[in-house]
Protein chains: 2
Amino acid sequence: MTMSRELPSLNALRAFEATARLGSVSRAAEELHVTHGAISRQLRVLEEALEQPLFARHGRGVTLTAMGEELRDRVAGAFDQLRDGWSELRRHRSESPFVLGCASSLLARWVIPRLDRLERDLPMLRLHLSPEENPLAPQHAEPDAALALAAPPWPHGWQVHELAPEQIGPVVSPRYAGLARLLDRDETALCDEALLHTTSRPQAWPEWAQACGLPATALRYGQGFARLFYLLEAAVAGLGVAIAPAPLVQDDLREGRLLAPWGFRQTSASWILATPRRRNDARIDALVAWLRNELTES
Amino acid sequence: MTMSRELPSLNALRAFEATARLGSVSRAAEELHVTHGAISRQLRVLEEALEQPLFARHGRGVTLTAMGEELRDRVAGAFDQLRDGWSELRRHRSESPFVLGCASSLLARWVIPRLDRLERDLPMLRLHLSPEENPLAPQHAEPDAALALAAPPWPHGWQVHELAPEQIGPVVSPRYAGLARLLDRDETALCDEALLHTTSRPQAWPEWAQACGLPATALRYGQGFARLFYLLEAAVAGLGVAIAPAPLVQDDLREGRLLAPWGFRQTSASWILATPRRRNDARIDALVAWLRNELTES
DNA sequence: CTCAACATGTCAGAAAAACTCACATGACCA
DNA sequence: TGGTCATGTGAGTTTTTCTGACATGTTGAG
């Protein structure tokens, strides 16, 4: 009652194909990294299924019977095709660039300044950057990984590698007109400022306030910007006091374009690298390690 | 260090192919007679090997990713080819005639007279007869089975089904000129005869002599024939006393063309049906049963 | 001829792969 | 909101496959 379109054991077929191609049970065993006994047994499985011998044994070596030759002609091409298809797929895969999705503010303020070093340290990555406002949202061309600032619960369908806790703090330009009334005072001084903020993350100031024990309601908001990137440009230009993750203003602090008189405070969010589930490329581990190091060393 | 021409688990590949073709893990599971969990697991094996998802899961069903489509395109044809090749091979096999090798004397004297009944009882056999002087010798076109009279040790490389012990005895035509001096005497009467014999089986008379307690040296030999078939024709023609296996002269005895005054005696040989090893066709069992019945019922 | 070197077959036990079952999750629909 | 469908997951079990040791039979050299 065996449905004729069903296939026999594919491992047995593969053993047959190798034996037929190499003309030897022992060499087929070598190719498949098993013992000759395993091949011998697999051949018997096929022969029993067909109720006909596929090889004539003559003590020293084997030769195909008529039925064996027919089977070889029918399956050899299929196995070639499978091997070619599979290896090409793997080759394409390993040669394809690694697409990193990332919000444009992070990209501009943090990734791009480090890009030369990143490409020098991880050249095999062949990194391609893909600016996307929300890299964790479902989209047409899913990136290989997404760099983001996010808090649990982690987005569904992604595997999250936590890189470092986020630290945020107020920053202000030395050119800011109201700087004088802020210096040498503690955080409460900010209650008198019209704070610059970004609409893409309205919780930044309240979170910070909570972290340093100020009531969130004590804060007054000034101008809002659509993106963190604009917010920081505004701060550098001396338009007021902004709030930012430390790594994004690190260079500005070092070069004196911004001040952070009250330091930075840890939030509940983290820098994360998120990868689509069941993609555990070895390249991802390398990237995670590099990013962790970059975020924590300074 | 994975050699790129190596294949992944073929069972996993088959699970993928079925799932891609049917667009559903559950239906693939049905087709392959396993649970959906088994398919799911196999798909994961492939995805881990490629480090890329092959399907996008959306709670209700799956759809191929770009990489999945590429893999499907590359392997679907190969699986079609394997299925077609295998099923055609099986079809050819089951439709092919069953070739029975048999010495020409047996063929003429025993098989052919029973052929109409044999074909009536076992029509699925589609029997083809292949007269060969020594059907157990290695030859170009090996038969599916060989009918022979033989004694152990059995020929190497064949699987032997013993059908019935052989019985041989002297036979003589009622038209034989010397019949008068034989009738109503015991076997010793034959010591005075020039016994007809076949050069293809010189041991027949000595064996018979031993079986009935006569010294083999007491026998005198007359004319020899190249084949048993000729020997029996000579006996029927009244040329002298021949020796023959009982089933081969059964019809002649019944119809009075030959007499067997001293009956038949068992030898160490048997009627056998020999089949090439590892060919255990169901048709063989049917044929063995039929032959056994035919040889023992009379 | 005998013997060593091959090549393959065979079997019991061991290892690995595949599967099942039961439950969990998420999407869709009424 | 609960029910159904489709799939994921994990522990434990079944099935398949492999190994390792030995047997058989062939070949060719000495």
Side-chain angles (χ1 to χ4, degrees), chain A residues 6-20 22-49 53-65 68 138 153-159 276-280, chain B residues 6-20 22-49 53-65 68 138 153-159 276-280:
Chain A
E6 279 180 12
L7 284 168
S9 156
L10 292 173
N11 289 326
L13 264 191
R14 165 161 54 183
F16 166 78
E17 190 270 344
T19 308
L22 301 171
S24 153
V25 173
S26 303
R27 265 175 278 162
E30 258 175 66
E31 175 171 301
L32 300 177
H33 309 301
V34 295
T35 58
H36 72 264
I39 301 293
S40 176
R41 187 168 279 266
Q42 295 286 39
L43 295 180
R44 193 168 56 183
V45 167
L46 275 195
E47 291 180 322
E48 279 170 4
L54 292 165
F55 291 97
R57 279 81 169 167
H58 28 256
R60 191 97 163 188
V62 293
T63 49
L64 286 161
T65 62
W154 304 126
H156 171 244
W158 296 77
Q159 178 166 358
R277 275 206 191 287
R278 81 186 63 246
R279 185 178 313 199
N280 60 343
Chain B
E6 279 181 12
L7 285 168
S9 154
L10 292 172
N11 288 327
L13 220 44
R14 165 161 54 183
F16 166 79
E17 190 271 345
T19 309
L22 300 171
S24 152
V25 173
S26 304
R27 266 175 278 161
E30 258 175 65
E31 175 172 300
L32 299 177
H33 311 299
V34 295
T35 59
H36 72 263
I39 301 293
S40 174
R41 188 166 279 266
Q42 295 285 40
L43 295 180
R44 194 167 55 182
V45 167
L46 274 196
E47 291 179 322
E48 280 170 3
L54 292 165
F55 291 96
R57 278 80 170 168
H58 27 255
R60 193 99 161 184
V62 293
T63 50
L64 286 162
T65 62
W154 303 127
H156 172 244
W158 295 76
Q159 178 166 358
R277 277 209 189 286
R278 84 186 61 245
R279 184 177 315 200
N280 60 343

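This structure is a prediction, so every number in the text was calculated from the model and none was measured. Every chain is numbered from 1 and lettered A, B, ... according to where its sequence line falls, protein lines coming before strand lines.
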Sort me out a list of protein N/O and nucleotides 4-7 of chain C N/O pairs below 3.5 Å, or just none if empty.
| from | atom 1 | to | atom 2 | distance (Å) |
| --- | --- | --- | --- | --- |
| C/dC6 | O4' | A/R60 | NH1 | 3.4 |
| C/dA7 | O3' | A/G61 | N | 3.2 |

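- Closest approach of A/L10 to B/N11, counting heavy atoms only: CD1-OD1, 4.3 Å.
- The distance between atom CG of B/L43 and atom P of D/dT9, rounded to the nearest whole Å, is 11 Å.
- Checked against side chain to side chain contact (heavy atoms under 4.5 Å, CB included), B/A12 has the following partners two or more places apart in sequence or in another chain: B/S9, B/Q42, B/V45, B/L46.
- Scored by the side chain to side chain contact (heavy atoms under 4.5 Å, CB included) test, B/R27 finds B/L22, B/S24, B/E30 as partners (sequence neighbours excluded).
- At whole-Å resolution of the value, CZ in A/R14 and C1' in D/dC18 are 13 Å apart.
- Atom NE2 of B/H58 is separated from atom C1' of C/dC28 by 12 Å (rounded to the nearest Å).
- Contact of the B/T65 side chain with the B/F55 side chain is not registered, since no non-hydrogen atoms from C-beta on lie closer than 4.5 Å.
- A/R57 and A/E47 are joined by a salt bridge, as a carboxylate oxygen and a charged side-chain nitrogen come within less than 4.0 angstrom of each other.
- Every residue was checked against the side-chain hydrogen bond (donor to acceptor under 3.5 Å, both in side chains) condition with A/R41, not counting sequence neighbours, and none meets it.
- Residues forming a side chain to side chain contact (heavy atoms under 4.5 Å, CB included) with B/T35 (at least two apart in sequence, or on another chain): B/A38.
- Residues passing the side chain to side chain contact (heavy atoms under 4.5 Å, CB included) test with A/A18 are A/R21, A/A28, A/E31, A/L32, sequence neighbours excluded.
- Rounding to whole angstrom units, CG of residue B/L54 and C1' of D/dT7 are separated by 16 Å.
- Taking atom CZ of residue B/F55 and atom P of nucleotide C/dG26, one finds them 21 Å apart after rounding to whole Å.
- In this model, the phosphate group of D/dG8 is approached by a side-chain N or O of B/S40 to a distance below 4.0 Å at OP1 or OP2.
- Taking atom CD of A/E47 as the reference point, atom C1' of C/dT10 lies 14 Å away to the nearest angstrom.
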What's touching nucleotides 15-22 of chain C from the protein side, N or O pairs under 3.5 Å?
| from | atom 1 | to | atom 2 | distance (Å) |
| --- | --- | --- | --- | --- |
| C/dA18 | OP1 | B/S9 | OG | 3.2 |
| C/dA18 | OP1 | B/N11 | ND2 | 3.3 |
| C/dC19 | OP2 | B/Q42 | NE2 | 3.3 |
| C/dT20 | OP2 | B/T35 | N | 2.5 |
| C/dT20 | OP2 | B/T35 | OG1 | 2.9 |

